[in-house]
Amino acid sequence: MNPFTSPSRLRDLIRAARACKTAAEERAVVRKECAAIRSSINENDQFFRHRNLAKLMFIHMLGYPTHFGQMECLKLIAAVGFPEKRIGYLGLMLLLDERQEVLMLVTNSLKQDLNHLNHYIVGLALCALGNICSAEMARDLEPEVQRLFLSRDLDIKKKAALCSIRIIRKVPDLAENLMIPAASLLKEKHHGVLISAVQLCITLCKVSDIPLEHLRKSCIKGLVQILKELSNSSYTPEYEIAGVMDPFLQIRILKLMRLLGQGDVECSEYMTDILAQVATRTESHKNAGNAILYECVETIMGIEATSGLRVLAINILGKFLSNRDNNIRYVALNMLMKAVSVDSQAVQRHKTTILECMKDSDISIRKRTLELVFLLVNETNVKPLTRELIGYLEVSDQDFKGDLTAKICSIVKKFSQEKKWYIDQMFKVLCIAGNYVKDDVLHSLIITISNALDIQGYCVRSLYKALQNHPDQGGLVQVAVWCIGEYGELLVNNIKVSEVENTMNVTDSHAVDVIEASLKHHLSDITIQSMCLVALLKLSSRFTSTSERIREIIIHHKGSVVLELQQRAIEFNCIIQRHQNIKSSLLERMPALDESSYIGKRTSSSQVNISAVKLTRPTPVASPSLPNGVAHAPTNPLLDLLDLIPDDNPVPTSSTNDIVQDLLGIGLGNPLTSGTIAPSVGTDILLDLLSIGGTNDQNDVPVLDVSSKQGSEPLTNPSTFEVMDLLDGTTKDRSTDDEHPVYPSIIAFQSGTLKVAFAFTKRPDKPQITQIQVTCTNLSTDEYMDFIFLAAVPKFIQLQLEPASSNILPANSDGAITQTLTLTNSQHGQKPLAMRMRMTYKVNNQDKLEQGQVNNFPPEL
Amino acid sequence: MIRAVIVMNTQGKPRLLKFYDFQPPEKQKELIRSVFAVLSGRPDNVSNFVEADAIFGPGTRLVYKHLATLYFIFVFDNSENELAMLDLIQVFVETMDRCFKNVCELDIVFNFNKMHAIVDEIIFGGQVLETSSEQVMKAVEEISRLEKSSNSISFVPKAVSGRFGR
C-alpha cells in the first residue's frame with residue numbers, strides 16, 4: 001500500500017470542501033485531492049478505484065476538470081461486481097462526452113452487460129446507453145436493445161423502450177425497425193411500461209412519417225381505450241397523485257394523440273368523445289388535474305377538432321385564469337396566446353377575466369397578459385380596452401409602466417379611427433406615464449396634431465392644462481411645449497372652442513410662464529430645454545407684449561454650460577434684436593408635417609441603422625428600440641425636432657438629410673434607403689441611386705464604402721455611371737429606332753433656370769413598361785457643371801436610369817442633356833405613374849439643387 | 001425532453017447536477033451561475049416557471065421549487081408540460097423524503113451517489129421513466145442492497161488479498 005495514496009473517504013472530501021470559506025480554499029482542497037487521485041490512478045490501485053471515481057464525480061459537480069478519470073470508468077465497468085459497475089456507469093454518464101473516442105471502448109462492455117443475467121446490471125447498462133449513446137453505438141447495440149423489449153422484467157422493458165428513444169434520435173433510419181415492437185408495447189398493462197412506450201411512439205412519430213401512419217391505423221383504438229379507463233379511474237392507489245389517476249400517463253397519451261390527430265380528420269373525429277370526456281370530467285382542484293386539462297386543451301387546439309370542442313377548451317383556459325395558483329394562470333395565458341390565432345372569437349369572450357390578470361401581483365403574469373391583450377385588440381373593442389389599459393396604467397408599478405405604455409401607444413396608433421380620439425388617449429398616457437413614452441411616438445403625435453387643423457386649438461388648450469398639472473412628465477412637456485410654441489395664439493384667443501370645453505382665460509404671459517417653468521424644471525433635459533427656447537422664440541413673434549420678457553429669458557441662457565443651449569440662445573437673441581423685419585415670416589407656423597414621409601423616415605432609420613452607421617461618421621442614429629422611454633440619446637430627438645422648425649441657421653447635416661427624406665417620401669418602402677444623417681450630398685445621391693436600381697443586397701455596401709471615401713463633394717457623372725453599370729449591367733444604350741411616340745410629351749419641370757421635358761415611348765405588347773426620354777435644358781446664362789438628374793418612384797414602380805448623355809449643360813438653352821428612364825408599373829391600370837425628381841448641378845462652383853414632383857403624366861400611361 | 005436536473009442551495013452551491021446533453025465543466029459552472037442569478041431574484045409569490053432561452057438555448061423553460069434551503073430545478077424543452085414537470089419535482093422530492101426520512105440538505109450533500117440512483121430511476125436519458133415514488137423507492141433500495149451485499153463478498157477478500165500480496 002502506497003502511503004501517499006489518499007486514504008480519506010468520500011465523506012472526508014465532502015466535509016473538507018464544505019468547510020472551505022473561500023473559493024481559493026476550495027480550489028486548493030480540490031487540487032490536492034486530484035493530485036492524490038492521479039497518483040492512485042497511476043499506481044493502478046484497484047482497491048481505491050471505486051472510491052476515487054466517486055470523489056471525481058463530486059469534484060466534477062463542483063465544476064473542476066476530471067478528464068483524467070475517464071479510463072477509470074471504463075475499468076470499473078469491465079469489473080465483475082455490481083458496485084464497481086454501478087459507479088463505473090454513473091461516472092460514464094457524468095464525466096464522459098459522447099463525442100469522445102474513449103467511448104468506443106465501452107461498446108463491448110455494454111454489449112456484454114446488456115446480455116447479463118442479473119437484470120439490475122442490464123438496467124445499468126441500458127441507463128448508461130440511454131444517456132450517452134452515440135450514432136455508432138446506436139447501430140451496434142440496437143438489436144440487443146430491441147431484444148430486451150421482450151424481457152420478462154418490466155423494469156428492463158421500460159428502460160429498453162426509453163433507450164430506443166435515444167437510439168432513434170441518433171440514427172433516425174432505425175425508426176422503422178422499432179415501429180412494430182413499439183406498437184406492441186402499447187398493449188401492455190403495466191403503467192411504467194406504457195409511459196415509456198407512449199414516449200417511444202411520440203419520438204417515432206416525430207422522426208418519420210411511416211411510423212406515424214402505422215400508429216394512426218393500429219393504435220388509436222388502444223390509446224383511446226387506455227385513456228377511457230384512466231379517466232373513469234379504476235382505482236389503483238399506486239399511481240394516483242392528489243386524487244387523479246396517473247396524470248403522467250394521461251398527459252403522454254394526450255400528447256401522442258395530438259401528433260396522430262394533426263392533419264388527420266378521421267383520427268381527430270375518433271378522439272373527440274374521449275377528449276371531451278377528459279376535458280369535462282377531470283378534477284381541477286389540484287395541480288395534477290390541471291396538468292391533464294392543460295395538455296388536453298393543447299391537444300384539442302392541435303388536432304382538427306370541431307368548433308364546439310375548441311370552445312370547450314378555451315373555456316377551460318378561461319376557468320384557469322381565475323384560479324388562485326400563479327402557475328395555472330401562467331400556462332393558461334401562454335395557451336390563450338396560441339389559441340387567439342385559432343379561434344379569436346372564443347378567446348374574446350374571456351376578455352374581462354384576462355383583463356383582471358393585469359392586476360396580478362406576479363410580473364411575469366402581467367407581462368403575458370399584456371401581450372395577450374395586445375393580440376386581442378381589434379377595431380371594435382379598441383375603445384373599452386384602451387380605457388381599461390390606461391386606467392390600469394395609473395396603478396401599475398414602475399417596472400411595468402414602460403412595457404404597458406409602449407403597448408398602449410402602439411394599440412392606439414394602430415386602431416384609432418378618428419384623430420381626436422387618438423390625440424385624447426395619447427394625452428392621457430402622457431399625463432400618467434409621459435416619461436415612458438418613446439421619442440418616435442411623441443414625434444408621430446406631433447405630426448398628427450400638425451395635420452389636425454380643426455382641433456389644434458383644442459389640443460393646445462388641453463396640453464396647457466395638462467402641463468400645469470404634470471410638469472414632471474417628460475414626454476408631455478415635449479409635446480406641450482412644441483404645441484404652445486406653434487399654436488400659442490389659439491391658446492390665448494380661445495379660437496375654435498368646442499362645446500365640450502370650458503373656456504379658459506389664458507393670457508400671453510401665462511403661456512410664457514408655463515414654458516419658462518418647463519425650461520427651469522429640474523427634470524427637464526437638454527431636449528426639453530432646447531424645445532422650450534425654440535417655443536419661446538416662436539411666441540416672441542406671436543405675442544408682441546411679452547417679447548421683451550422672452551428676450552430676457554433667452555439672454556439668460558447665453559451663458560448656459562450646455563453648448564447647444566448656448567448657441568441657440570445667442571442665435572435667437574440675434575433674431576429678436578437685429579432681424580425684426582424677417583422675424584415674423586421666419587417664425588411662421590410650421591406647415592402640416594407630412595405623415596408619409598415620417599413613416600418613411602422611421603423605416604429608413606430602422607433599416608439602415610447598421611449600414612448607415614458604417615457609411616457615415618458616427619452620429620447617433622435614431623434607434624426605435626430604446627430599452628424604455630427614460631433613456632434616450634440626447635442629441636438625436638433634438639435634431640429630429642429642430643429640423644421641423646424653419647430656423648434660419650439649420651444644422652447642415654439635417655438639411656441634406658431632409659432632402660433625402662423628401663425624395664424618399666415617395667419610395668416609402670425602399671429596403672435600402674439612406675441613413676437618417678448622411679455626411680454629404682455625394683453619398684446621398686449614391687444611396688438614392690442604389691435604392692432606385694433595386695439591387696439592395698449587402699454586396700452594395702462595399703461599393704458605397706469606397707465611394708463615400710472619395711470625398712464629400714457630389715460625385716461627378718462618370719463615377720456615378722460606374723456605379724450604375726455595376727447595378728444594372730444589362731441595360732446598354734438602346735437603339736431608338738423602334739420607338740413609336742404615340743403619347744404627348746410633357747414639361748415635367750420648369751423653373752427660371754431649368755427645364756425638364758419628358759417624351760414617352762411604349763411597346764404595345766408590354767403596357768406596364770414606359771420608356772421616358774428626359775431632356776434637360778438650361779435657361780440661365782451660366783453653364784451647369786456636374787449635372788445629375790435623379791428620380792424616385794413609389795414602391796409599386798420599378799425604375800431604371802440609363803446613363804445621361806453628358807454632365808455639362810451649356811447655357812442659354814444651347815444644347816441639352818438627354819437621359820432614358822424605364823419605368824415598370826407593377827400595378828398598371830390600377831395606379832397611375834408618379835415620380836419625384838431632383839437635379840443637382842454646379843454653377844460657378846456653387847452647388848445647386850432643384851426638385852419637383854411630376855403629376856401631369858398622360859393618364860393612359 | 002428534460003434537459004437537466006439541478007439541485008442547488010440558496011447560496012448557489014450545486015448539490016446535484018444531471019445534464020442530459022453533455023456540458024463541459026466551465027459551461028456547467030456558468031449555467032449554474034446564471035440559473036441562480038435568475039432564481040435568487042424572484043420573489044416567492046410569483047409563478048414557478050421561467051423562460052430559459054437565454055441560458056439553455058431557444059425554446060427551453062425551467063420549473064423550480066424552492067423548499068427549505070434548496071432549489072429543485074428541472075430544465076426542459078417545449079415538448080413537456082410545465083404543470084406535469086412541477087408534479088414530477090414533487091415526485092422527486094417525495095422519493096427523497098422517503099429515502100432519507102425527512103430529507104435535509106446535508107443528506108443530499110453526503111449521499112449524492114444515492115441521489116443519482118433516484119434521479120436515474122425517475123428520469124432516463126431525458127424522458128420520464130417512473131412516476132410512482134413507491135416504485136422508485138423499490139428500485140433504489142434494491143440497488144443499495146446489491147451494493148452492500150456485494151461489498152461484503154467482493155470487496156473484503158480483494159482488500160485482504162491486496163494486503164497479503166504486498
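Just so it is clear: chains get the letters A, B, ... in the order the sequence lines come, proteins before strands, and each one is counted from 1. Bear in mind the structure is a predicted one, so any value in this text is a computation, not a measurement.
Formation of a donor-acceptor pair under 3.5 Å by the Asn113(B) side chain with backbone atoms of Ala54(A) is not found in this model.
With a 4.5 Å cut-off on non-hydrogen atoms, Leu94(A) touches chain B through its backbone and its side chain both. For Arg18(A), the part lying under 4.5 angstrom from a heavy atom of chain B is the side chain only. Contact of Gln250(A) with chain B is not made at all, since no heavy-atom distance falls under 4.5 Å. When heavy atoms are compared at a cutoff of 4.5 Å, Arg15(B) approaches chain A by way of both its backbone and its side chain. Interface remark: Gln28(B) contributes side-chain atoms only to the contact with chain A (heavy atom separation under 4.5 Å). Proximity to chain B (any heavy atom under 4.5 Å) is restricted, for Leu90(A), to the side chain, taken from C-beta onward. Contact annotation for Arg11(A): both backbone and side-chain heavy atoms come within less than 4.5 Å of a heavy atom of chain B. Residue contact with chain A, scored on non-hydrogen atoms closer than 4.5 Å, involves the backbone and the side chain of Leu88(B) alike. For a residue to count as touching a neighbouring chain, one of its non-hydrogen atoms must lie under 4.5 Å from one of that chain's; by this rule Asn334(A) touches chain B with the side chain only. With a 4.5 angstrom heavy-atom cutoff, Phe112(B) touches chain A only via side-chain atoms. When heavy atoms are compared at a cutoff of 4.5 Å, Ile6(B) does not approach chain A at all. Looking at Leu129(A), there are no atoms closer than 4.5 Å to chain B (heavy atoms on both sides), in backbone or side chain. Of the atoms belonging to Leu124(A), not a single heavy atom falls under 4.5 Å from chain B. Interface remark: Lys13(B) contributes side-chain atoms only to the contact with chain A (heavy atom separation under 4.5 Å). In this structure, the portion of Met93(A) lying under 4.5 Å from any heavy atom of chain B is its side chain and not its backbone. Residue contact with chain B, scored on non-hydrogen atoms closer than 4.5 Å, involves the backbone and the side chain of Glu295(A) alike.
Aromatic ring orientation, Tyr71(B) versus His66(B): tilted (interplanar angle from 30° to 60°). Under the 30°/60° scheme for interplanar angles, the aromatic rings of Phe82(A) and Tyr120(A) are found to stand perpendicular. Ring geometry for Phe72(B) versus Phe92(B): interplanar angle over 60°, hence perpendicular rather than tilted (30 to 60°).
Options Leu62(A), Leu126(A), Val80(A), Ile202(A) differ in how many heavy-atom pairs under 4.5 Å they form with chain B, and the most are formed by Leu126(A). Between chain A and the residues Val63(B), Val109(B), Ile32(B), the largest count of heavy-atom pairs under 4.5 Å involves Val109(B). Interface summary for chain B: among Cys163(A), Ala17(A), Gly123(A), the most heavy-atom pairs under 4.5 angstrom belong to Cys163(A). Contact count against chain B (heavy-atom pairs under 4.5 Å) is highest for Lys159(A) among Lys159(A), Arg329(A), His60(A), Arg15(A). Highest contact tally toward chain A, considering only Pro43(B), Ala139(B), Ser79(B), Gly126(B), is held by Ser79(B) [criterion: heavy-atom pairs under 4.5 Å]. Counting heavy-atom pairs under 4.5 Å between each of Asn290(A), Val331(A), Ile195(A), Ile328(A) and chain B puts Val331(A) at the top. Options Glu298(A), Arg252(A), Met57(A) differ in how many heavy-atom pairs under 4.5 Å they form with chain B, and the most are formed by Arg252(A).
Lys21(A) and Glu26(A) are not joined by a salt bridge, as no carboxylate oxygen comes within less than 4.0 angstrom of a charged side-chain nitrogen. Ion pairing between Arg33(B) and Glu30(B) fails under the 4.0 Å rule for side-chain N and carboxylate O. Between Asp120(B) and Lys18(B) there is a salt bridge, since at least one side-chain N of the basic residue sits less than 4.0 Å from a carboxylate O of the acidic one. Note on Arg98(B) versus Glu134(B): salt bridge recorded, some NZ/NE/NH1/NH2 to OD/OE distance being below 4.0 Å. Ionic pairing of Asp397(A) and Arg366(A) is present here: one or more N-O contacts between side-chain nitrogen and carboxylate oxygen are shorter than 4.0 angstrom. Between Arg368(A) and Glu51(B) there is a salt bridge, since a side-chain N of the basic residue sits under 4.0 Å from a carboxylate O of the acidic one. Taking 4.0 Å as the cut-off between side-chain N and carboxylate O, Glu80(B) and Arg61(B) do not count as a salt-bridged pair.
There is no side-chain donor-acceptor pair under 3.5 Å between Gln199(A) and Lys255(A).
Taking the ring centre of Phe22(B) as origin, the terminal cationic atom of Lys27(B) falls outside the region bounded by 6.0 Å and 45° from the ring axis.
Using a 4.5 Å heavy-atom cutoff, the side chains of Met137(B) and Glu121(B) are not in contact.
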